[in-house]
Amino acid sequence: MQEIEVVVAHQERATVRVGDVFLKIDTDPDHADVEVAAMAMAPVPTPEVLWHNPPVLALAALRGRALGRLGEPSTAPSTAWAAAGAAVRTLHDAPLPPWPGRSLDEVATQLDDECGWLVTNGVLPADLVTRNRHVAEAALRQWTPVFTHGDLQVAHVFVDGDEVTGVLDWSEAGRGDALFDLATLTLGHEEHLVDVVAGYGTDVDLDVVRAWWSWRSLVVIRWLAEHGFDPSAPGCEVDMLRARM
């Protein structure tokens, strides 16, 4: 008998694995619609959609293993990280999806709101928030929109040796800043940024990548805490903010 493995579960979404099938249940049906459409358009490997019966999306398992995990050292070779960078470049060079992504105003407002919440509620020291907010402001500039994954966490990229076998979780895909994807991929794995950039194959403003590290870490802390995750765990978001001091 096959066992059921709970991959992730919180108030908004749950993913369980049964053998080689992943079942994703989302309270917002638009997320699954975006995910299915984005995977159909993306010029990089993605999981096979077995069936979609809202609110459940069934996906086939990917070959290989995740490139890494936030808070843990990655055992993947540098060539795998470079391959991930090349895959991201392929995505960014693809035609834009027809739906929009977050605007610069939305990104700036979210930073304002979350920094205010962190300080007002005493979640983090004010100087830590202020310093990282200053760093994050370098990301608040006009960018040329590309086809972005939108949540390209290291755990969402699967590799086998130095081959990218698939990219997971496309529900936040849309038009966005290329450097946001690169920053999300390398958050907590700064030592591999040079490998990713080498695979990406074009000039990258590293200060903007670092700015997105601070932005993402600041804006996600409240969501993580409210959904049962610990952003203060070793090597995770709070440590990323401290590294900017």
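The basis for the numbers below is simple: all heavy atoms, side chains too, and nothing from hydrogens, waters or symmetry mates.
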Taking the side chain from [X] and the backbone from [Y], do they hold a donor-acceptor pair closer than 3.5 Å?
X: W213; Y: M240; result: no
X: D26; Y: D28; result: yes
X: R244; Y: S214; result: no

Taking all non-hydrogen atoms of both residues, which atom of [X] and which atom of [Y] are closest, and how far apart?
X: V146; Y: D177; value: CG2-C, 4.4 Å
X: G235; Y: L70; value: O-CD1, 3.6 Å
X: S103; Y: E106; value: N-OE1, 2.7 Å
X: V135; Y: R210; value: CG1-O, 3.9 Å
X: P47; Y: A60; value: CB-O, 3.7 Å
X: A80; Y: G161; value: CB-O, 3.4 Å

Does the side chain of [Y] come within less than 4.5 Å of [X]'s, by heavy atoms?
X: T90; Y: F147; answer: no
X: L168; Y: T46; answer: no
X: E35; Y: D169; answer: yes
X: L128; Y: R242; answer: yes
X: P98; Y: M41; answer: yes
X: S217; Y: L187; answer: yes
X: F180; Y: L185; answer: no

| H10 atom NE2, over 12 foreign heavy atoms within 6.0 Å |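 More than 12 heavy atoms, drawn from other residues, nucleotides or ligands, come within 6.0 Å of this atom.
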| request: Just say parallel, tilted or perpendicular for the rings of W212 and W215, cut-offs at 30° and 60°. | output: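 Correct class here is perpendicular.
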| query | Should the pair H92 and Y200 be assigned to parallel (<30°), tilted (30 to 60°) or perpendicular (>60°) ring geometry? | reply |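 Aromatic pair H92/Y200 classed perpendicular.
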| Should E163 and R63 count as an ion pair when the cut-off is N to O under 4.0 Å? |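 Salt bridge: yes.
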| query | Strictly under 6.0 Å, is that where the ring centroids of W170 and H31 end up? | reply |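 Aromatic pair excluded; centres sit 6.0 Å or further apart.
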